[in-house]
Q: 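Below is a structure I'd like to ask you about.
In what follows, chains are A, B, ... by sequence order, proteins preceding strands, each numbered from 1. Only this structure's heavy atoms are used, side chains among them; waters, hydrogens and symmetry mates stay out.
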2 protein chains.
Amino acid sequence: MKTEQKILELLSNNGIRKTNFRIELLELFYKNKHGLSHRDIKEAIECMPDKVTIYRALDTFMEKGIIHKVPDINNVSRYALTKHECAETHHNHAHFICNSCHKTFCMDDIQIPEIQNAHGFKINSIKLILEGKCSDCSECSH
Amino acid sequence: MKTEQKILELLSNNGIRKTNFRIELLELFYKNKHGLSHRDIKEAIECMPDKVTIYRALDTFMEKGIIHKVPDINNVSRYALTKHECAETHHNHAHFICNSCHKTFCMDDIQIPEIQNAHGFKINSIKLILEGKCSDCSECSH
DNA sequence: TCTTAAATGCGACTATGTTGCAAAAATAAA
DNA sequence: TTTATTTTTGCAACATAGTCGCATTTAAGA
Ligand SMILES: [Mn+2]
Ligand SMILES: [Mn+2]
Ligand SMILES: [Zn+2]
Ligand SMILES: [Zn+2]
């Protein structure tokens, strides 16, 4: 299915109105393989929405599970498309942060380890964050 | 050895001057079992330092390895004492975040899993973050 | 076309964090 | 003890991230 079509369905299925901005925002998420910050979005979106509009779209997409938070080095919120189109239960996955370009990637195929309760702490979920160099930054030596 | 004594040695060994504020800040870190944010510190410290003074002390302690960053739910910087007094190499360890009180704890005894390189990503370090309920928050039901 | 609920823009606001510079305090040297 | 050097501190100004209320606009349904 074409991306454009998928985006319109995604908005329909979640009862979100098809405004130019929200369509363009989803296109941006589909185009990028890494997590996007508010600033990334502000700089990339053509129709120049107010910053509040961006924050509110991100909130809405989060609530509907269309996007999810990804970790970031500098304490900034980043988001990426939630890929599990079929899964009802949230598919927990690892994330990779490149120490060179600071991009964050979802690693859907890496196994999250099981940890048993420790010292009175009741563990509900586990986050695994890998750091290193992404493929783009590995190519150039030194 | 008494905490007071340990603090003075810690400052001496790292060439940091023994000001009232920095001593009090280290006392605060010794007293707390969980990570502290700038705001936590501002509210707890008696001698009411300027916010910049706090940020700079944290920077200095970080550089010397006296404290380290711990994760936080709301993208705020949090810090905790680095415990490995003997170890030269940085002892990598897991962290636990309580979803109820939002405190972060260092879990020195939990094994960090080994992950092999995946799809061109070169992995240098691994962070493991556990979420759930801490012992304080588990006690009270519901 | 008309209605209504969602989405947007604007202004004001809070919180976190940084930088430059001058004054104060801690340590080392005399 | 006094002096000199280097840290540490406080202040002001700034930068960026994020939130809230309210009036206006717009998408979608009747
Ligand atoms: Mn992800
Ligand atoms: Mn820790
Ligand atoms: Zn990279
Ligand atoms: Zn708790």
Q: How long is the line joining CG of B/Asn14 and C1' of C/dA26, in whole Å?
A: 17 Å

Q: Give the ring-plane orientation class for A/Phe105 versus A/Phe96, where under 30° counts as parallel, over 60° as perpendicular and anything between as tilted.
A: tilted

Q: Quick check: on DNA chain D, is the nucleotide nearest A/Lys18 upstream (toward 5') of the one nearest A/Asp59, or the reverse? Name the residue that is more 5'.
A: A/Asp59

Q: Which of these nucleotides, C/dC10, C/dT16, D/dG10, is closest to any side-chain atom of B/Pro49?
A: D/dG10

Q: For the pair made of NZ in A/Lys64 and P in C/dA6, what is the distance, rounded to whole Å?
A: 9 Å

Q: Send over the distance from B/Leu58 CG to C/dT18 P, rounded to a whole Å.
A: 10 Å

Q: Hey, mind stepping through B/Asn75 and A/Ser77 against side chain to side chain donor-acceptor pair (under 3.5 Å) and telling me if it holds?
A: CA-CA 7 Å; B/Asn75 288 341; A/Ser77 287; 3.0 Å; yes

Q: Work out which heavy atom in B/Val70 is nearest to a heavy atom in B/Cys106; give both atom names and the distance.
A: CG1-SG, 4.0 Å

Q: Let me know the distance between CD1 of A/Ile54 and C1' of C/dG9, rounded to the nearest Å.
A: 12 Å

Q: Roughly how many Å is it from CG in A/Asp72 to P in D/dT16, rounded to a whole number?
A: 16 Å

Q: Could you pick out which residue, B/Val52 or B/Ile16, lies toward the 5' side of DNA chain D when each is mapped onto its nearest nucleotide?
A: B/Ile16

Q: Whole angstroms only, please: what is the NZ-P distance between A/Lys42 and C/dT8?
A: 13 Å

Q: Measure from OH on A/Tyr79 to C1' on D/dA17 and round the result to the nearest Å.
A: 11 Å

Q: Output yes when at least one side-chain N/O atom of B/Thr53 is less than 4.0 Å from OP1 or OP2 of D/dG10, else no.
A: yes

Q: Spell out yes or no: do the side chain of A/Arg17 and the base of C/dA5 have one donor N/O and one acceptor N/O closer than 3.5 Å?
A: yes

Q: When you match B/Ser77 and B/Arg56 each to their closest nucleotide on DNA chain C, which lands nearer the 5' end?
A: B/Ser77

Q: Could you check whether B/Thr104 and B/His95, counting side-chain N and O atoms only, form a donor-acceptor pair closer than 3.5 Å?
A: no

Q: If I take atom CG in residue B/Asn74 and atom C1' in nucleotide D/dT16, what distance separates them, rounded to the nearest angstrom?
A: 17 Å

Q: What distance do A/Phe21 atom CZ and A/Glu46 atom CD have between them, rounded to the nearest 0.5 Å?
A: 13.0 Å

Q: On DNA chain C, check which nucleotide each of A/Lys51 and A/Asn75 is closest to and give me the residue with the more 5' one.
A: A/Lys51

Q: Does a side-chain N or O from A/Ser37 land closer than 4.0 Å to OP1 or OP2 of D/dA17, or not?
A: no

